[in-house]
Amino acid sequence: MKLTIIRLLECSAQDEIDLAKIWPEYFSTSLMLSDAHRIYAAKFNDRLLGAVRVTLAGSEATLDSLRVREITRRRGVGQYLVEEVIRDNPDITGWQMPNDGVEDIGVMNAFMQAVGFEVQSNGWKK
Ligand code: ACO
Ligand code: MG
């Protein structure tokens, strides 16, 4: 089965199990989904391998909690995820991601630049 990027509109029981592995620090009840508060996830063989939260406000969007599960890193999952999020929101002219909670700023700098963002003092923007 191929890797797909999906916007979660509701979480199945399996999605909740997978999201708990991606984000052990979050309780699923804290993951509110709406038109302005979205979660996009990378899915392979019915399992979520990575996810990102997206908050939309007018023509601006903020990414946070971007994480790909460690076992599947460096295989293009993160890049496909971010590219599809941007493609799914063509009216957004400004993107940002603060660096709060990021495990390794050096790795994230390399990744975010690979997906077209610029490094800022408090995160990344495009
Ligand atoms: N070192 C250098 N460059 C890198 C690295 C790395 N470790 N990882 C990615 N890149 C760059 C490379 O240019 C890479 O292209 P290449 O492999 O052809 O050289 C490009 O980015 C694309 O890499 P992907 O394979 O698409 O990235 P991946 O799927 O591994 O995801 C990510 C990257 C999201 C940064 C992943 O490493 C990750 O999840 N890290 C932890 C992020 C984190 O701290 N999240 C916590 C947020 S807070 C919270 O969630 C509550
Ligand atoms: Mg990967």
Side-chain angles (χ1 to χ4, degrees):
M1 223 172 116
K2 95 186 220 306
L3 182 70
T4 52
I5 306 301
I6 55 166
R7 177 180 162 200
L8 292 181
L9 295 171
E10 52 191 21
C11 291
S12 68
Q14 185 60 51
D15 292 342
E16 300 237 358
I17 291 167
D18 295 340
L19 288 177
K21 291 178 185 161
I22 297 167
W23 293 321
E25 52 276 90
Y26 291 157
F27 289 106
S28 63
T29 50
S30 70
L31 301 172
M32 299 257 297
L33 299 175
S34 69
D35 203 48
H37 293 89
R38 303 181 177 191
I39 294 174
Y40 288 84
K43 192 172 219 176
F44 186 76
N45 284 346
D46 278 319
R47 293 293 183 278
L48 306 182
L49 303 181
V52 62
R53 298 203 299 189
V54 182
T55 305
L56 305 178
S59 60
E60 305 273 305
T62 303
L63 305 177
D64 74 79
S65 304
L66 170 62
R67 191 184 270 140
V68 171
R69 289 187 62 193
E70 219 161 332
I71 43 163
T72 56
R73 285 183 192 170
R74 211 64 197 266
R75 294 181 192 176
V77 172
Q79 179 157 2
Y80 189 30
L81 176 59
V82 171
E83 286 175 352
E84 287 297 307
V85 166
I86 291 171
R87 195 168 301 141
D88 196 48
N89 293 281
D91 297 335
I92 298 297
T93 53
W95 291 89
Q96 29 198 329
M97 187 169 89
N99 58 19
D100 308 310
V102 169
E103 295 159 18
D104 184 323
I105 298 283
V107 166
M108 194 60 93
N109 274 338
F111 173 78
M112 292 305 280
Q113 288 176 281
V115 294
F117 283 64
E118 288 168 37
V119 179
Q120 308 238 276
S121 59
N122 59 346
W124 300 271
K125 74 154 192 186
K126 181 184 163 68

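For ligands, and for the atoms within them, numbers begin at 1 and follow the listed sequence. Just so you know, residue 1 is the first one in the sequence shown, and it goes up from there.
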Less than 4.5 Å apart, any side-chain heavy atom of [X] and any of [Y]?
| X | Y | result |
| --- | --- | --- |
| Leu81 | Leu66 | yes |
| Gln79 | Phe111 | yes |
| Arg38 | Asn89 | yes |
| Arg73 | Arg67 | yes |
| Asn99 | Ile105 | yes |

Subject >> Ala114, any N or O under 3.5 Å of ligand 1 N or O >> reply: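 No; the residue has no nitrogen or oxygen that sits under 3.5 Å from a nitrogen or oxygen of the ligand.
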**OP:** Could you tell me whether Arg75 and ligand 1 have an N or O pair separated by under 3.5 Å?
**Re:**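 In this structure, Arg75 places an N or O atom under 3.5 Å from an N or O of ligand 1.
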For [X] and [Y], work out which heavy atoms get closest and say how close.
| X | Y | answer |
| --- | --- | --- |
| Leu33 | Leu8 | CD1-O, 3.6 Å |
| Ile92 | Gly94 | CG2-O, 3.3 Å |
| Asp46 | Gln14 | O-CG, 4.0 Å |

Original post:
Under the side chain to side chain contact (heavy atoms under 4.5 Å, CB included) criterion, do Tyr26 and Leu19 qualify, and how do the steps go?
Top reply: CA-CA 9 Å; Tyr26 291 157; Leu19 288 177; over 6 Å; no
Have a look at [options] and point out the one with the heavy atom closest to [atom].
| atom | options | value |
| --- | --- | --- |
| atom 4 (C) of ligand 1 | Arg74, Arg53, Glu83 | Arg74 |
| atom 25 (O) of ligand 1 | Gly76, Ser65, Ala42 | Gly76 |
| atom 42 (C) of ligand 1 | Asp100, Asp64, Leu66, Val102 | Leu66 |

List ligand 1 atoms under 4.0 Å from [X], heavy atoms only on the residue side.
| X | value |
| --- | --- |
| Met108 | 35 (C), 42 (C) |
| Val77 | 26 (O), 29 (O) |
| Gly78 | 26 (O), 28 (P), 29 (O), 31 (O) |
| Glu103 | 41 (C), 43 (C), 44 (O) |
| Glu25 | 51 (C) |
| Gln79 | 22 (C), 26 (O) |

Shortest protein heavy-atom distance from [atom], along with the residue and atom involved:
| atom | result |
| --- | --- |
| atom 11 (C) of ligand 1 | Phe111 CA, 3.8 Å |
| atom 48 (S) of ligand 1 | Gly101 O, 3.6 Å |
| atom 3 (N) of ligand 1 | Ala110 CB, 3.3 Å |
| atom 40 (N) of ligand 1 | Arg73 CZ, 3.4 Å |
| atom 31 (O) of ligand 1 | Val68 CG2, 3.7 Å |

**OP:** Give a yes or no on whether Gln79 keeps an N, O or S atom under 2.8 Å from the Mg ion (ligand 2).
**Re:**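 So Gln79 does not bind the Mg ion (ligand 2) by this criterion.
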Original post:
Short check: is a protein heavy atom less than 4.0 Å from atom 18 (O) of ligand 1?
Top reply: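 Not a single protein heavy atom is under 4.0 Å away.
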**OP:** Assess whether side-chain hydrogen bond (donor to acceptor under 3.5 Å, both in side chains) is satisfied between Gln113 and Asn109, documenting all intermediate values.
**Re:** CA-CA 6 Å; Gln113 288 176 281; Asn109 274 338; 5.6 Å; no
Subject >> Test item, Tyr26 contacting ligand 1 (heavy atom, 4.0 angstrom) >> reply: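 Heavy atoms of Tyr26 do come under 4.0 Å of ligand 1.
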Subject >> Heavy-atom neighbours of Glu70 CD exceed 12 at 6.0 Å >> reply: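 It does not: Glu70 CD has 12 such atoms or fewer within range.
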**OP:** With heavy atoms only and a cut-off of under 4.0 Å, state how Trp23 meets ligand 1: side chain, backbone, both or neither.
**Re:**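 The part of Trp23 near ligand 1 is the side chain, not the backbone.
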Original post:
Does the Trp23 side chain pair with the main chain of Ser65, one donor and one acceptor, at a distance under 3.5 Å?
Top reply: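 Yes: the side chain of Trp23 pairs with the backbone of Ser65.
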